[in-house]
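Keep in mind that what you see is a predicted model, and the values were worked out from it rather than measured.
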Amino acid sequence: MSLVLYNDLTRTKEPFVPLKEGHVGFYSCGPTVYDFFHIGNARPFIVFDVLRRYLEYSGYKVTFVQNFTDIEDKMINRANQEGITVKQLADRFIEEYFKDADALGIRRATHNPKATEHIPEIIALIEKLVEKGHAYAADGDVFFDVGSFPSYGVLAKQSLEELQSGARVEINERKRHPLDFSLWKAKKEGEPSWPSPWGEGRPGWHIECSAMSMKYLGETLDIHSGGTDLTFPHHENEVAQAEAATGKPFVRYWIHNGYLLIDKEKMSKSLGNFLTARAALQKYPAKAIRLFMLSAHYRSPINFSEESLNQSLGAVERLENCWSDLEHARKNRKTTSDGSRNEFESLFKEFEDRFITAMDDDFNTAAALGVLFEAVKTVNTYLKETQTLEESFLELAAEFFRKIDSVLGVLGLDAAAGEEDAAEIEALIAERNAARKNKDFKRSDAIRDDLAARGILLEDTPDGTKWKKKA
RNA sequence: GGCGGCAUAGCCAAGUGGUAAGGCAGAGGACUGCAAAUCCUUUAUCCCCAGUUCGAAUCUGGGUGCCGCCUCCA
């Protein structure tokens, strides 16, 4: 059994075999840093972070590269609007990106290259394309010559003619073919620029990903991912640029996530129907947002709504309750350790195998979550129905949850506890229990209500009172 | 015009030939001082029609509806 991925290049599921055994070179298109990213942008960040984690869980060494597009029309426009430099704008929103991405539990990439820091690599790639006759200069601009690259359209699965017939591209007389695209843009007044063999200018959007991905991962990448809207033309162009230059296959597995919709429409900045990740994080814990993203297959569209997020929140609470019950049992219940370890080992081994089977099948996180919840039920039932707990069960269950959560991150076991006020809470609980003993329910309920108002929820169990923070 | 996706219970969502995972919500019950949590029970024949098959949500054909890409966009 091993991972099978849906490859957009072939439009079929294929067994995943990396170029170098045991190692995966993974490039994921990152944000243009002109604004906060929204919850739709967050989908690929979360989903491909989980794929990356799963590859690592599966034993691969993963080099994960995600770029920052820090020079581009939108960057320039926004910087001008705000009266700051493009660099200042980029620095600010890279910082904001990390704040939100970290809060969402997205692990840091191995490399986060910026376009403006790779101008020499970009120019070198363009020069190579010009030399090989795949690009041509025109008044300080350089265009890629799609007519020179017969397999243009591999990802779109359309011929040049077919692509052109539906195209809404602006007429540009300097282009040989309407679909030729900019590799280098001549400087305009008030724009940042760099010297180049074609004069002062700046790189086009598509070229940065080809240049930077190959710099960090070599001429052939194992996985390249992004939103499905990038398939054409961005990724198509990346393929053309890289393969025209190197003559080697650029990417072995192209994977694209489906859109996040809101009111059945694509969430996007231009439509104005977006919710920033930051705003979402104020309303919902990261765990709930992650679980929401993972509750459907990554290639399906998902519809964002308050109701969906609330459902995910409910699900997360179920996971958390199970975990905290487990912890509580470990501290407060009688345990023994006779014999039955093997039985529990195979129980959790089976759950893990099923988790692996789900994830191996084109990264089916929805099915994987199903397995996780079945394990939750098993643990809950065991805790409820067993008088004297077997230590190995508690250990193995905790280990199972930790492992799964190292991939999915929906339990937040990585996050620091931060229970500095624990002592005070414990004291109040003791006071409340004393009141309960004296049947002073007025007093006991008052304490419980006060704590609830602070976001501390109490549960009375046969093994004493348990408390937790509201999710 | 070309390319592609989707349609499963009140909601979200797996499942691609053998008689429908999981979550949320709801109802009933157990437990509780009351709660909370948990457990038990309960809620679907898979958009429609026609085929293939011993057998289809799952394959084929035809409909209907929704959505995306071909332009910046995760």
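- In this structure, A:R174 contributes its side chain and A:D141 its backbone to no donor-acceptor pair below 3.5 Å.
- Across all strands shown, A:Q158 has heavy atoms under 4.0 Å from base atoms, whether or not it also approaches the sugar-phosphate.
- Counting non-hydrogen atoms under 4.0 angstrom, A:H256 reaches nothing in the nucleic acid.
- Side chain of A:D222 to main chain of A:F26: no donor-acceptor pair is present (N/O by atom type, distance under 3.5 Å, no hydrogens or angles).
- In this structure, OG on A:S268 lies 10.5 Å from CD1 on A:I262, to the nearest 0.5 angstrom.
- Between B:C24 and B:U19, the distance separating the two C1' atoms is 27 Å to the nearest Å.
- Counting non-hydrogen atoms under 4.0 angstrom, A:G314 reaches the backbone sugars and phosphates but no base.
- Distance noted for atom C1' between B:G2 and B:G61: 22 Å (whole Å).
- For B:G33, there is no paired nucleotide, since no Watson-Crick or G-U wobble pair has both relevant distances below 3.5 Å.
- At the heavy-atom level, A:S300 lies under 4.0 Å from the strands shown only through sugar-phosphate atoms.
- Contacts of A:D460 with the nucleic acid, taken as non-hydrogen atoms under 4.0 Å apart, include base atoms.
- Rounded to whole Å, the C1' atom of B:A14 lies 12 Å from the corresponding atom of B:A57.
- If you find the closest nucleotide of RNA chain B to A:L369 and to A:N303, the one lying nearer the 5' end belongs to A:N303.
- You won't find any donor-acceptor pair under 3.5 Å spanning the side chain of A:K269 and the base of B:C72, going by distance alone.
- As judged by a 4.0 angstrom heavy-atom cut-off over every strand, A:L457 is placed among residues making no nucleic acid contact.
- Here A:R92 does not pair with A:E95 in a salt bridge; the nearest charged N to carboxylate O distance is not below 4.0 Å.
- Between the C1' atom of B:A74 and the CG atom of A:D229 lies a distance of 5 Å, rounded to the nearest Å.
- Considering only residues two or more places apart in sequence or on other chains, A:K377 meets the salt bridge (charged side-chain N to carboxylate O under 4.0 Å, His left out) condition with none of them.
- A 3.5 Å limit on both hydrogen-bonding distances identifies B:U41 as the Watson-Crick or G-U partner of B:A27.
- Comparing B:G4 with B:A9, their C1' atoms are spaced 29 Å from each other, to the whole Å.
- At a threshold of 4.0 angstrom between heavy atoms, the contacts of A:A296 are confined to the sugar-phosphate backbone, with no base atom among them.
- Counting any heavy atom pair closer than 4.0 Å across all strands shown, A:T231 reaches no nucleic acid atom.
- Using N1 to N3 plus N6-O4 or O6-N4 for Watson-Crick, or N1-O2 and O6-N3 for G-U wobble, each under 3.5 Å, B:G61 pairs with B:C49.
- When heavy atoms are screened at a 4.0 angstrom cut-off, A:N364 is found touching the sugar-phosphate backbone but no base atom.
- A:F48 and A:Y298 have perpendicular rings, their planes meeting at more than 60° on a 0 to 90° scale where under 30° would count as parallel.
- Taking atom C1' in both B:U45 and B:A56, the straight-line distance is 11 Å, to the nearest Å.
- Note on A:L313: nothing from the nucleic acid sits closer than 4.0 angstrom, heavy atoms only.
- Residue A:L383 is out of contact with every strand shown, counting any heavy-atom pair closer than 4.0 Å.
- With its ring centre under 5.5 Å from that of the base six-membered ring and a plane angle below 30°, A:F441 counts as stacked on B:G33.
- Between the CD1 atom of A:I429 and the C1' atom of B:A36 there is a distance of 13 Å, given to the nearest Å.
- Across B:U52 and B:C59, the matching C1' atoms stand 8 Å from one another, rounded to whole Å.
- The partner of B:G1, taking Watson-Crick or G-U wobble pairs whose two distances both stay under 3.5 Å, is B:C70.
- For the pair A:K269 and A:Y34, the cation sits on the ring face: its NZ or CZ lies under 6.0 Å from the ring centre, inside 45° of the axis.
- Residue-level contact check: A:D325 touches the backbone only, with heavy atoms under 4.0 Å from sugar-phosphate atoms and none from bases.
- Counting any heavy atom pair closer than 4.0 Å across all strands shown, A:F373 reaches sugar-phosphate atoms only and no base atom.
- Judged by Watson-Crick or G-U wobble contacts below 3.5 Å, the nucleotide B:A20 has no partner.
- In this structure, A:K439 reaches neither bases nor backbone, as no heavy-atom distance under 4.0 Å exists between it and the strands shown.
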